[in-house]
2 protein chains.
Amino acid sequence: MVTSKNCIIRLSRYKNALYRLLSLGFLKVFSETLADEVGVTASQVRKDFSLFGISGNKKGGYQIEALLNKLSSILGKDKLQKVIVVGSGHIGTALMKYKGFEKEGIKITAGFDIDPAKCNKSGTVPVLPIGELKDFVKNDAIKIGIIATPDIAAQQVADLMFEAGIKGILNFAPIRIKSPQDSIVNYVNLELELENVIYFVNALNKPLSLSKDSA
Amino acid sequence: MVTSKNCIIRLSRYKNALYRLLSLGFLKVFSETLADEVGVTASQVRKDFSLFGISGNKKGGYQIEALLNKLSSILGKDKLQKVIVVGSGHIGTALMKYKGFEKEGIKITAGFDIDPAKCNKSGTVPVLPIGELKDFVKNDAIKIGIIATPDIAAQQVADLMFEAGIKGILNFAPIRIKSPQDSIVNYVNLELELENVIYFVNALNKPLSLSKDSA
DNA sequence: CTTGTTTTGTTACTTATTTCACAAAATTAA
DNA sequence: TTAATTTTGTGAAATAAGTAACAAAACAAG
């Protein structure tokens with residue numbers, strides 16, 4: 001099994017780029033072209049594909065459609081993924097309304113909040129009391145959850161999610177989550193991302209040295 | 001100059017953990033403790049500090065307050081950072097309203113949108129027509145911008161930002177931005193982060209192998 | 001003052017990731 | 001059919017990142 005997060009992230013990027021190329025009318029693509037599109041080297045593309053047993057045609061490149069099927073299958077995108085969000089503050093609400101997930105086969109089926117005033121069962125994405133989370137997750141066999149609560153609540157919410165059977169969490173709260181062995185937690189920390197930009201802006205514009213890395 | 005994004009991200013994490021420890025009443029900390037708090041090894045902490053010439057006291061650990069000052073200065077957090085947001089859809093609006101930035105010394109001073117109906121000069125964060133971006137950025141000497149537009153608009157918005165003098169961008173649009181040498185673009189792609197969680201949930205729960213990595 | 005203990009700071013080692021380089025396959029042209 | 005050309009696929013080489021180990025400093029206790 002490939003366990004490098006960066007590698008998997010690149011697969012997703014390849015997939016996105018391939019959709020774009022497909023919509024522009026291309027049917028096949030060379031590693032070189034795809035690499036340019038995503039901002040990596042051609043070697044990297046071929047190596048990544050090699051790791052997953054994806055092969056193309058010597059001299060002919062890769063058939064985009066077949067490639068997309070393969071990537072989607074590897075990434076678990078061949079079936080609709082149901083996801084819940086806990087916390088209906090600014091970020092949580094934006095996520096529930098966000099259109100970008102749908103076209104990626106991700107559906108936010110419900111939100112949850114501890115504050116009854118923020119609950120609303122009749123919206124496009126219903127917001128339910130946190131007490132209903134466990135049953136909801138079990139009934140719908142949901143495996144993925146998003147935490148968009150204040151940091152004080154995050155661990156508690158995570159524990160509740162794991163108890164209910166959730167195996168993967170995307171956590172927006174700026175705190176490290178303790179999680180069971182058979183689960184995965186990814187972090188999105190907006191302050192941190194901005195801080196990082198700030199650091200590199202200062203670093204690039206102050207001294208006389210150069211850099212090219214970014215990730 | 002340190003150019004490893006991961007390393008800088010860790011510095012931010014150390015900083016956050018240190019604030020937490022300080023608020024709990026601690027005045028000094030050992031590399032071991034800080035490492036546990038952030039989820040890395042003690043060696044890593046000391047190595048990171050070593051790279052930036054940060055030193056502590058043999059047997060005595062590190063003075064939290066002095067350490068925080070040093071980290072804040074490295075990360076450019078010793079002065080208020082003004083940031084603008086372009087795109088006032090769900091994500092852009094959530095960012096403008098997001099409370100988390102303030103306590104990190106980051107202030108969103110304005111939003112911009114191409115749609116006049118979405119503009120509103122009198123909000124807490126005024127939303128201005130995109131045409132006013134250039135003057136606004138120049139007058140306020142703003143160096144950092146956030147792109148929260150649809151992907152089709154992203155490159156155009158980025159070009160406008162660079163023209164106006166912005167040097168660092170945090171980009172939420174799922175597209176690679178072409179940028180000048182002396183600038184930096186960081187990416188936040190929510191679909192991609194979720195896809196990643198989905199991959200690892202599948203990978204961890206299907207086969208008989210184990211993994212521990214997460215990043 | 002000496003001995004023992006703790007923790008840093010850094011060098012050496014290990015592991016992981018990326019790039020290089022080239023044989024093998026596929027295609028085209030003659 | 002043969003030669004020339006292009007592009008993949010993959011081991012080997014190079015780089016980067018992370019861990020381990022330990023000497024040196026700091027302190028405490030006797």
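We name chains A, B, ... by the order of the sequence lines, and we start the count at 1 in each one. Computed from a predicted model, the values in this text were never measured in an experiment.
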Between NZ of B:Lys28 and C1' of C:dT8 the distance, given in whole Å, is 13 Å
Between C:dT17 and A:Ser4, is there an OP1 or OP2 to side-chain N/O distance shorter than 4.0 Å?
yes
Ion pair present between B:Glu37 and B:Arg13, side-chain N to carboxylate O less than 4.0 angstrom?
-> no
Nearest-nucleotide check on DNA chain C, A:Arg10 vs B:Ser55; residue mapping nearer the 5' end is B:Ser55
Within residues 41-52 of chain B, the residues having a heavy atom closer than 4.0 Å to DNA chain C are B:Arg46, B:Lys47, B:Ser50
* Asked: Are the side chain of A:Ser183 and the backbone of A:Ser179 linked by a donor-acceptor contact shorter than 3.5 Å?
  -> no
- Under 6.0 Å from the NZ atom of B:Lys103, do we count more than 12 heavy atoms belonging to anything else shown? yes
Between CG of B:Leu34 and P of C:dT7 the distance, given in whole Å, is 14 Å
inquiry  = Taking the basic N atoms (NZ, or NE/NH1/NH2) and the acidic carboxylate oxygens, is any pair closer than 4.0 Å for B:Lys99 and B:Glu104?
reply    = no
With B for base contact, S for sugar-phosphate-only contact and - for none (protein heavy atoms under 4.0 Å), nucleotides 23-30 of chain C reads -BBBB---
Heavy atoms of B:Ile64 and B:Leu18 approach each other most closely as CG2-O, 3.8 Å
task = List the steps, then state whether salt bridge (Lys or Arg N to Asp or Glu O under 4.0 Å) holds for A:Glu65 with A:Lys28.
result = CA-CA 8 Å; A:Glu65 204 168 330; A:Lys28 57 182 202 175; over 6 Å; no
To the nearest angstrom, the CG-P distance between B:Asn6 and D:dT15 comes to 20 Å
A:Phe30 atom CZ is separated from D:dT6 atom P, nearest whole Å, by 10 Å
Taken to the nearest whole Å, NZ/B:Lys5 to C1'/C:dT18 is 18 Å
Only one of A:Asn189, A:Val85, A:Ile147, A:Ile146 passes side-chain contact (heavy atoms from CB on, under 4.5 Å) with A:Phe172, and that residue is A:Ile146
Inset, instruction - Decide, yes or no, whether a salt bridge links B:Lys107 with B:Glu102 under the criterion of side-chain N to carboxylate O below 4.0 Å. - result: no
B:Leu67 CG to C:dG9 C1', in whole Å, measures 15 Å
Practice problem: State plainly whether the residues A:Glu163 and A:Lys134 are in salt-bridge range, i.e. N to O under 4.0 Å. | Solution: yes
Rounded to whole Å, the CD-P distance (A:Glu32 to D:dT5) equals 19 Å
